[in-house]
There are 2 protein chains.
Amino acid sequence: MFSKACEYAIRAVVYIASETDETKKVGIQEICDHIEAPQHFTAKILQTLSRKHIVNSQKGVNGGFFLDSVQKKKSLKNIVEAVDGDQVFVGCGLGLKQCSETKPCPIHNQFKDIRNRLTKMMESTTIDALAIRLLKGESVLMQTK
Amino acid sequence: MFSKACEYAIRAVVYIASETDETKKVGIQEICDHIEAPQHFTAKILQTLSRKHIVNSQKGVNGGFFLDSVQKKKSLKNIVEAVDGDQVFVGCGLGLKQCSETKPCPIHNQFKDIRNRLTKMMESTTIDALAIRLLKGESVLMQTK
DNA sequence: TTAATAAAAGACAAAATTGTCCTTAATTAA
DNA sequence: TTAATTAAGGACAATTTTGTCTTTTATTAA
Ligand code: FES
Ligand code: FES
C-alpha cells in the first residue's frame, strides 16, 4: 500500500507529534528507538518532510525535530503525498497510465470507490488525533519490546 | 497498491479469459501486445500462475495460455495472492510486524475498514465478469493506441 | 520422424528502493 | 570563542523489483 519510507514517515511524525511542541524537541535517535526504524534512512525522510514544512527541525544542542500546533492539525494525506506522491490516491489500480472515466480499466468502478474511501480516510485523519490516541496507550508504534 | 507484476498478471489473465476457452488459446506475444506489458517478464508471471493453476498453458504448435470455465469463475483475490501474497489483505498499514486488535497501530481502526472493503471487492469480483465487460467495450487494458 | 512452434527455465542486467557511513553546517552552552 | 551537539547532505552499498536474452523442453502438424 505505502512504501517503507512512507510507513516510517507516518510512524515518525506521529511519535514526534506526541512528544514535542514549539518548546520541546526530539532527536533522530530517540525517534528511531521508539518506532523501530533505521536511523539514517529515517533521517533522510525527515529531511524531506522538513523541507516540505510537515515537520520542523533545529540543529545544534537541544535541537531536534518537532511539530507546532498548526502542523499537528495536518492530515496523514499530506505525509503520504510528500513521501510517495499522489498515485495511491489518483492512480489506476491496474497500472494504466492514468485512471479515466472514459477509458477505464476493468476494475475501475469497484477500485475507484475503495481508493476514494482511502483518500477520505487519510484526509480526515489528523496527526494529532493519532498522537493523542498513542499517548492514551490505545495504540503502539512498534511491537517488539 | 499492487506490484507491477501483479498489475500485469491481472491484465493478462483478464485478456486471456476474454479470448480463450478449453479449445482456443493465446500466445504470450499476443497477450503482451494487448496489455502493453514486457513479454519475458509477463511470461514468468504467467508461469507462476500456471503452476498455481490460475491459468492453463500448453506448449507446442497451437499452444498458448487459456482459462477453462472453472478458472474464469475465480476471483481477482486469487491472482493477487498468487503474485503479491496476502499482505495487502491482512498486513498493517503502517508496516508493524502484524496487524493486531490488541496492539494496534495508530491508524488500525480506520485502515482495517478500507482493507476489508478492498478484500471483499477483490473476492467478489470474478475474472469472467471483467472479461465480459472488456468484450463489451466497456473497459480497456491499455491506453496508448 | 522431422521441423516448426510455443511455453519453461535459467542466467543476467537495469532500475528502484532501502539502508549505511562519513563529512559538513548550524546552533548553543560553557 | 570554543567545544559539544544535532540535523543536513553526499557518497555509496545492499536488496528487491523489474526487465531482457538465450537455451531447453514439450507438443503437434506435416
Ligand atoms: S482506470 Fe483503472 S482504476 Fe480507473
Ligand atoms: S495494526 Fe496497523 S492496521 Fe492493524
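On a predicted model such as this, the values are computed, not experimentally measured, just so you know. Letters A, B, ... are given to chains in the order of the sequence lines, protein chains preceding strands, and every chain is numbered from 1. What's counted below: heavy atoms across the whole structure, side chains too, no hydrogens, waters or symmetry copies.
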Practice task
Verify the contact: side-chain N or O of B/Arg51 to OP1 or OP2 of C/dA9, cut-off strictly under 4.0 Å; return yes or no.
Solution key: yes

Exercise for the section: Tell me what B/Val83 touches on the nucleic acid: a base, only sugar-phosphate, or nothing, going by heavy atoms under 4.0 Å. Expected result: nothing

Exercise for the section: Ignoring backbone atoms, test whether B/Tyr8 places a side-chain nitrogen or oxygen under 4.0 Å from the OP1 or OP2 oxygen of D/dG19. Expected result: yes

Handout entry: Check: A/Gln47 side chain, D/dG9 base, donor-acceptor under 3.5 Å
Key = yes

Exercise for the section: Check every strand shown and say whether B/Ile28 touches a base, only sugar-phosphate, or nothing at a heavy-atom separation below 4.0 Å. Expected result: sugar-phosphate

Practice task
State plainly whether the residues B/Glu81 and B/Lys52 are in salt-bridge range, i.e. N to O under 4.0 Å.
Solution key: no

Problem - Value in whole Å for how far the P atom of D/dT27 lies from CZ of B/Phe65 - result: 14 Å

Problem - Nearest-angstrom distance from the residue atom CD of B/Gln58 to P of C/dA8 - result: 11 Å

Exercise for the section: Could you please name the option among C/dA8, D/dA7, D/dT20 that lies closest to any side-chain atom of B/Lys44? Expected result: D/dT20

Handout entry: Polar side-chain atom of A/Lys24 near backbone of A/Glu19 as donor-acceptor pair, under 3.5 Å
Key = yes

Problem - Nearest heavy-atom neighbours spanning A/Ile114 and B/Met121 - result: CG1-CE, 4.1 Å

Handout entry: Contact nearer the 5' end of DNA chain C, comparing A/Ala5 with B/Gly63
Key = B/Gly63

Exercise for the section: Among the candidates D/dT6, D/dT20, D/dA29, find the nucleotide nearest to the side-chain atoms of B/His40. Expected result: D/dT20

Exercise for the section: Measure the distance from CG on A/Leu46 to P on C/dT18 and round it to the nearest whole Å. Expected result: 15 Å

Completion exercise
From CG of B/Leu49 across to P of C/dA8 the rounded distance in Å is 10 Å

Fill in the blank from the handout: note: A/Phe66, atom CZ; D/dA7, atom C1'; distance rounded to Å ~ 12 Å

Problem - Shortest side-chain distance from A/Pro38, nucleotide among C/dA8, C/dT20, C/dA29 - result: C/dT20

Practice task
Give the rounded distance in Å between these two atoms: CD of B/Gln39 and P of D/dT18.
Solution key: 18 Å

Handout entry: Closest to side chain of B/Val61, choosing from C/dG19, C/dA9, D/dT27
Key = D/dT27

Exercise for the section: Could you check how far CD of B/Glu7 sits from C1' of D/dG19, rounded to whole Å? Expected result: 15 Å

Practice task
Name the orientation class of the two ring planes belonging to B/Tyr15 and B/His34 (parallel below 30°, tilted from 30 to 60°, perpendicular beyond 60°).
Solution key: parallel

Exercise for the section: Answer yes if B/Ile28 and B/Phe66 sit in the same cluster of Ile, Leu, Val, Met, Phe, Trp and Tyr residues linked by side chain heavy atoms under 4.5 Å apart, and no otherwise. Expected result: no

Handout entry: A/Lys120 with A/Glu123: basic N within carboxylate O range, under 4.0 Å
Key = no

Practice task
For C/dA8, take OP1 and OP2 only and decide whether either is under 4.0 Å from a side-chain N or O of B/Ser50.
Solution key: yes

Exercise for the section: Mind calculating the distance between CZ (B/Phe2) and P (D/dT17) to the nearest angstrom? Expected result: 16 Å

Handout entry: B/Asn62 side chain near C/dA6 phosphate (N/O to OP1/OP2, under 4.0 Å)
Key = no

Handout entry: Nearest-nucleotide comparison on DNA chain D, the residue closer to the 5′ end among A/Ser57 and B/Gly60
Key = A/Ser57

Completion exercise
The nucleotide from D/dA29, C/dA7, D/dA7 with an atom nearest the side chain of B/Lys59 is C/dA7

